[in-house]
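When reading the values below, keep in mind they use all heavy atoms of this one structure, side chains included, and skip hydrogens, waters and symmetry mates. For ligands, and for the atoms within them, numbers begin at 1 and follow the listed sequence.
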Amino acid sequence: MAAKYSAVFKCIAGCGEEYQLDEIVYRCKKCGALLEVAHDTEALKRHDAAYWKSLFDGRAGTTKWPYGSGIWSKKEWVIPDISDDNIVSMYEGNTNLFWAKRLGDMLGMSDLWIKMCGTSHTGSFKDLGMTVLVSMVNEMIHRGKKIKAVACASTGDTSAALSAYAAYAGIPSIVFLPKNKISMAQLVQPIANGAIVLSLDTDFDGCMEMVREVTKDETIYLANSMNSLRIEGQKTISIEISQQFGWEPPDVVIIPGGNLGNLSALGSGFRMLRDMGVIDRLPRLVLAQAQNANPLYLSYLKNFESFEPVAAKKTLASAIQIGNPVSVQKAVKTLKEFNGVVEQASEEELSDAAAAADRTGTFCCPHTGVAIAAMIKLLEKKVISPKDRTIVISTAHGLKFTEFKTGYNENALEGIKGKYINSPVEMPADAGRVREVLERKFAQNNIRAFPR
Ligand SMILES: *Cc1c(COP(=O)(O)O)cnc(C)c1O
Ligand SMILES: [Zn+2]
């Protein structure tokens with residue numbers, strides 16, 4: 001069945017290698033570089049921007065399979081040549097833009113929004129890419145490819161997403177996790193979803209090596225973000241943001257990064273919108289790293305002239321505790337094209353930023369805290385303007401990181417003296433004493449200033 005539109009894997013180093021999307025291949029066989037999904041844009045351009053906008057606007061949020069999904073509503077731009085029957089979707093995407101008005105007011109910003117990508121089935125943006133990858137695996141199985149399982153290394157969220165989509169499709173999954181380095185809410189998901197859970201005495205980078213080893217057996221399909229199928233799903237974040245603003249691009253997008261796949265996905269989405277004539281300018285992209293896992297920041301300080309992996313130290317932003325990011329080449333290319341900036345946040349900065357933002361109702365995860373802390377620093381350095389339409393990408397749901405929030409508010413996080421601690425008052429059920437406590441609490445100032 002020939003589809004009207006087509007896409008292939010293409011080597012990002014420009015050596016010209018191409019592979020079919022149902023081929024089991026993760027890197028260029030000639031030069032070893034990562035691959036990207038390249039679309040036949042000439043075929044897509046037979047329709048104008050108005051056509052695509054109205055097609056996409058009419059689909060998302062409906063029940064019409066599979067277009068109700070925020071990802072598959074853009075199927076022609078994601079994976080055009082896949083049977084609707086083989087798509088594995090939970091109608092992910094379509095996440096709200098949280099108008100962070102009060103947070104913005106407090107920072108003197110007039111147009112601040114948070115894209116709630118963690119408001120999703122497994123609680124992180126990883127669902128957006130995983131629907132595409134698992135759908136393609138399902139398609140490959142139906143086309144007769146011998147695949148017995150899908151596997152990933154994970155700092156928590158990838159394993160939750162992979163195991164959920166695999167369970168939904170009835171495909172076995174294997175997840176490699178760094179022992180004691182992920183949250184309970186993250187660990188419980190692959191367990192409940194019936195994945196083969198391997199908890200290894202190493203860090204994420206060690207798990208990544210292990211999964212590369214295991215997936216040399218081609219019947220075990222690699223689901224990490226070096227597999228660019230996931231990027232195709234995640235790039236709809238940019239498309240959706242623009243769509244939500246009536247097909248206008250924002251000025252600045254700030255995203256926390258670890259393996260750096262999502263940054264390149266954002267770039268890829270905005271680039272496609274521009275190439276298809278839907279938008280006429282590109283936003284500035286900001287990549288925020290935890291200071292304890294900051295190899296890209298260090299490279300940025302040297303104008304990307306060189307890149308050295310680091311041994312990532314422990315960070316509360318555990319999903320980005322990565323010292324040797326697999327998508328670094330793509331990330332640098334993206335930042336150069338999008339007038340990009342890299343900023344870092346210390347453990348204290350990310351914790352206070354998350355806590356302060358939570359006081360305005362955000363309930364953000366520590367990674368979103370990294371992005372907000374970076375934003376505050378860039379505002380102070382006047383790298384970004386308070387008038388810019390600024391979007392913070394919130395990558396996970398705050399409820400996945402309750403240990404982080406309770407730890408902060410119990411003043412129990414090592415080395416951190418929180419500025420915005422709010423701890424429960426334990427007391428007898430005595431009306432007089434309750435009144436006393438309330439008076440004392442009312443007298444304390446509501447938070448107005450931000451971490452400086
Ligand atoms: C995976 C993840 C990230 C980092 O995304 P990369 O594509 O690896 O840079 C950030 N935050 C959360 C919550 C994640 O799960
Ligand atoms: Zn190549």
Side-chain angles (χ1 to χ4, degrees), residues 9-19 25-36 38 115-120 122-130 152-162 177 182-183 185-186 189 204-205 208 223-228 230-231 233-235 237 254-268 285 287-290 293-296 312 315-331 334-335 342 345 350 354 364-372 374 392-401 404:
F9 285 130
K10 199 169 160 189
C11 170
I12 62 163
C15 79
E17 285 283 284
E18 283 186 6
Y19 310 101
V25 56
Y26 316 111
R27 281 183 182 277
C28 175
K29 291 178 189 171
K30 207 152 134 197
C31 76
L34 290 186
L35 305 172
E36 65 190 354
K115 178 68 171 163
M116 304 299 280
C117 297
T119 308
S120 183
T122 74
S124 87
F125 78 84
K126 298 295 200 293
D127 292 353
L128 310 177
M130 215 49 94
C152 73
S154 176
T155 51
D157 292 329
T158 301
S159 63
L162 178 64
L177 298 168
I182 67 170
S183 80
Q186 290 174 319
Q189 288 179 297
F204 171 80
D205 298 297
M208 195 65 222
N224 278 96
S225 61
M226 66 186 284
N227 186 325
S228 56
R230 282 181 46 201
I231 305 302
Q234 291 167 209
K235 84 178 183 196
I237 296 174
I254 304 173
I255 183 170
N259 233 350
L260 306 176
N262 213 16
L263 172 72
S264 51
L266 270 190
S268 167
L285 298 185
L287 191 277
Q289 290 208 299
N294 64 352
L296 192 68
T315 169
L316 292 158
S318 52
I320 55 175
Q321 189 178 329
I322 295 174
N324 191 10
V326 73
S327 294
V328 64
Q329 266 181 295
K330 282 186 184 177
T334 304
L335 288 169
V342 185
L350 78 89
C364 58
C365 78
H367 322 87
T368 310
V370 170
I372 294 173
V392 170
I393 305 293
S394 179
T395 45
H397 200 292
L399 282 175
K400 276 191 140 175
F401 298 91
F404 163 66

Ignoring angles and geometry beyond distance, decide whether P256 reaches within less than 3.5 Å of ligand 1 through its nitrogen or oxygen atoms. no
Below 4.0 angstrom from a heavy atom of N259, which ligand 1 atoms are there? Numbered from 1 as shown, please. 6 (P), 8 (O), 9 (O)
Looking only at N/O atoms, are T155 and ligand 1 under 3.5 Å apart anywhere? no
Angle subtended at the Zn ion (ligand 2) by SG of C28 and SG of C15, nearest 10°: 100°
G258 neighbourhood, listing ligand 1 atoms whose heavy-atom distance to it stays under 4.0 Å: 4 (C), 6 (P), 8 (O), 9 (O)
Sub-4.5 Å side-chain heavy-atom contact between T315 and L350: yes
What are the atoms of ligand 1, with element, lying closer than 4.0 Å to any heavy atom of G257? 9 (O)
Are any of the N/O atoms on K126, whether in the backbone or the side chain, positioned under 3.5 angstrom from an N/O atom of ligand 1? yes
Heavy-atom closest pair (A161 atom, D127 atom, distance to 0.1 Å) is CB-OD1, 3.3 Å
Quick one: look up the protein heavy atom nearest atom 5 (O) of ligand 1 and list residue, atom name and how far away it is. F125 CZ, 3.5 Å
N or O contact, T395 vs ligand 1, cut-off under 3.5 Å: yes
Ligand 1 contact on L260 by region, counting heavy-atom pairs under 4.0 Å: backbone
For N259, run the side chain to side chain contact (heavy atoms under 4.5 Å, CB included) check against I322, T158, I320, V328 and tell me which one passes. I322
A317 versus H367, closest heavy-atom pair with distance: C-NE2, 3.4 Å
Pick from L266, L263, I320: the one approaching atom 4 (C) of ligand 1 most closely through a non-hydrogen atom: I320
Is the closest side-chain heavy-atom distance between I393 and C117 below 4.5 Å? yes
Is a donor on one side and an acceptor on the other found under 3.5 Å between the side chain of K235 and the backbone of S264? no
Side-chain heavy-atom pair Y19, C28 within 4.5 angstrom cut-off: yes
Can you sort out which atoms of ligand 1 are near G261, meaning under 4.0 Å from one of its heavy atoms? 6 (P), 7 (O), 9 (O)
Min N/O separation T158 to ligand 1 under 3.5 Å: no
Angular separation of C31 SG and C11 SG about the Zn ion (ligand 2), given to 10°: 100°
So, the side chain of N294 versus the backbone of Q289: is there a donor-acceptor pair under 3.5 Å, distance only? no
Where the side chain of D205 meets the backbone of G323, is there a donor-acceptor pair that is under 3.5 Å apart? yes
N/O separation below 3.5 Å, N262 to ligand 1: yes
